[in-house]
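Residue numbering restarts at 1 for every chain, and letters A, B, ... go by the order of the sequence lines.
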There are 2 protein chains.
Amino acid sequence: MADLTPDLPPEHSLGFQVRRCHRAFDRVLSGHLAPSGLSSGFWYFLRALWQENGATQKRLAQLNNVTEPTAVAVLGAMERMGVIRRERNAVDRRKVNVFLTERADDLKAELMPVAHRINEIAGAGISAAEIETCLSVLQRMSDNLTREATRLSTEPAL
Amino acid sequence: MADLTPDLPPEHSLGFQVRRCHRAFDRVLSGHLAPSGLSSGFWYFLRALWQENGATQKRLAQLNNVTEPTAVAVLGAMERMGVIRRERNAVDRRKVNVFLTERADDLKAELMPVAHRINEIAGAGISAAEIETCLSVLQRMSDNLTREATRLSTEPAL
DNA sequence: TTGCAAAACTTAGATAGCGAAGTATTTTAG
DNA sequence: CTAAAATACTTCGCTATCTAAGTTTTGCAA
């Protein structure tokens, strides 16, 4: 009997390559952060806070494309490490504003060059035009998929 | 005092976009798999086994770019669900060969179209040439980063 | 042949991520 | 003004992932 389900060779699967690349990035990032005693999860929230210090947890979750429970967990760890401070909003007491501590400012000087370096390493031997195309494709795919995920959760059984 | 650490806007960061896209893929995949009672981790191992039924756990970990403990955990769950069967290799008793069960064959017919569909959704409105470029860039970045990760772990303090 | 190194797997403990459900606060509808 | 809905956060329990360290088996070398 012939096999009627065509294969999708991993190398030509967008999902496969994106996943592989993601983990490669994450491993290198973790490797560079470990000497400072930081885990890779911190990085994303630190970067968001360097741009929007005092943001609410919900806002930080959005900037990072993670859910709120994830934000709570990581920010909790960051607070215990003294990198951020959480403050209940006085006007709207549902909100919690997150502020960087002095410690985090030192980290910025230490970590920003690392981020640049990792992007350099990743893009070695790849033309600027190719990288631009890749970034653009990744962005459009994320948008396409986010739309689909929303559709899936709002139209459950279909 | 001027800020001497240049920002890396997330939209122009390869790491950021790859991570965002990865999670978008994973969410949609999970959403499509949930009705079948499967988690997204199963998919990657199933695909590998459809190509190399009977492979060892080490081999499956390599094909998936995950570590051996990860493979053990996911394959354990798959075995408990009756999707695979593990068999100690008679010649070299260190090895464990992994075989698909009948149940997994049914899943192939069910899941392969889903995988194709998700890649279609992701690539909607993007030209074939752009996608080819993106795949190629992702592959080269993964290789660059994997090399760096190896360097980091073999030359610890440098 | 014995003994040590390497290989394949496993266990243990940690971090991220998720969805579902719970709590407190604010907003809105009637 | 009050009840219901929406918002922001939290808690809980799960999966996936990692590193480090342990077990069993095999292979190589003195």
Decide, yes or no, whether a salt bridge links B:Arg85 with B:Glu79 under the criterion of side-chain N to carboxylate O below 4.0 Å.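 No, no charged N to carboxylate O under 4.0 Å.
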
Tell me: [atom1] of [X] to [atom2] of [N], nearest whole Å?
X       : N      : atom1 : atom2 : value
A:Asp92 : D:dA6  : CG    : P     : 17 Å
A:Asn89 : D:dT10 : CG    : P     : 13 Å
B:Asp26 : D:dA16 : CG    : P     : 9 Å
A:Lys58 : D:dT7  : NZ    : C1'   : 7 Å
B:Arg86 : C:dA8  : CZ    : P     : 16 Å

How would you label the contact of [X] with the nucleic acid (heavy atoms, under 4.0 Å): base, sugar-phosphate, or nothing?
X       : result
A:Thr56 : sugar-phosphate
B:Arg19 : sugar-phosphate
B:Val98 : nothing
A:Ser40 : sugar-phosphate
B:Thr70 : base

Position toward the 5' end of DNA chain C (nearest nucleotide), B:Val72 or A:Glu68: B:Val72

Nearest-neighbour nucleotide for the [X] side chain, [options] considered:
X       : options                : value
B:Pro69 : C:dA20, C:dA24, D:dT19 : D:dT19
B:Arg94 : D:dT10, C:dC18, C:dA7  : C:dA7
B:Lys95 : C:dC9, C:dG19, D:dA8   : C:dC9

Criterion side-chain contact (heavy atoms from CB on, under 4.5 Å) on A:Leu138 and A:Val18, from CA distance to verdict: CA-CA 9 Å; A:Leu138 288 172; A:Val18 168; 4.2 Å; yes

Indicate the atoms forming the closest heavy-atom contact of B:Arg103 with B:Gly82, along with that distance.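 Answer, listing the atom of B:Arg103 first, then B:Gly82: CB-O, 3.7 Å.
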
Between A:Gln139 and B:Arg20, is there a side-chain donor-acceptor contact under 3.5 Å, judged purely by atom types and distance? no

